[in-house]
Amino acid sequence: RSVDGVSSDLLDRMGALGMISVFDVEEIGADTLEQELGMTAELADAVVAAAASRSEIVKREQEEQQRLDAERKAAEFAATEGILGTGGTGGDAAAVTPDEAAESRADSILGGN
């Protein structure tokens, strides 16, 4: 849309051909835009250049989002480890001390030993 000469009709036709993201337009290239949509070489080159520029921005945004997601997951894992008291060992028995009286009552209710 940011390229002069690209109309809503042209965008609709691009979408009908499966070009729904800047990555698609960049991959398809100027020759296909010229052949399939009748764009001039200059317009097709401008569209591909704009798509390539925008795809770099989108890639950086996606990488940043992945980094933030990984940090959030690590923080959630650390918080869970802190609550469970496993200390990152996946269930260190020394980190949790059972209540012997509660264990005995549970055993008597459940018929355990």
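Just so it is clear, the structure is predicted and the values come from calculations on it, not from any experiment.
- In terms of heavy atoms, Ala101 sits closest to Asp99 at N-OD1, 3.1 Å.
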List, one per line, each side-chain donor-acceptor pair under 3.5 Å for residues 31-50, sequence neighbours excluded.
from  : atom 1 : to    : atom 2 : distance (Å)
Thr32 : OG1    : Ile28 : O      : 3.4
Thr40 : OG1    : Leu43 : N      : 3.1

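- Annotation: the span from Arg67 atom CZ to Gln65 atom CD amounts to 9.5 Å, rounded to 0.5 Å.
- In this structure, Arg60 does not pair ionically with Glu63, as no charged nitrogen and carboxylate oxygen lie closer than 4.0 Å.
- For Gln62, the side-chain contact (heavy atoms from CB on, under 4.5 Å) criterion is met by Phe23, Val58, not counting sequence neighbours.
- Between the OG atom in Ser21 and the CD atom in Glu27 there is a gap of 8.5 Å [rounded to 0.5 Å].
- In this structure, CD1 in Ile109 is found 8.0 Å from CZ in Arg105, a value given to the nearest 0.5 Å.
- For Ile20, the CD1 atom counts as loosely surrounded, since its 6.0 Å shell holds 12 or fewer non-hydrogen atoms of other residues, nucleotides or ligands.
- Between Lys73 and Glu76, none of the side-chain N atoms (NZ, or NE/NH1/NH2) sits under 4.0 Å from a carboxylate O, so this pair counts as no salt bridge.
- With sequence neighbours excluded, no residue forms a side chain to side chain donor-acceptor pair (under 3.5 Å) with Glu100.
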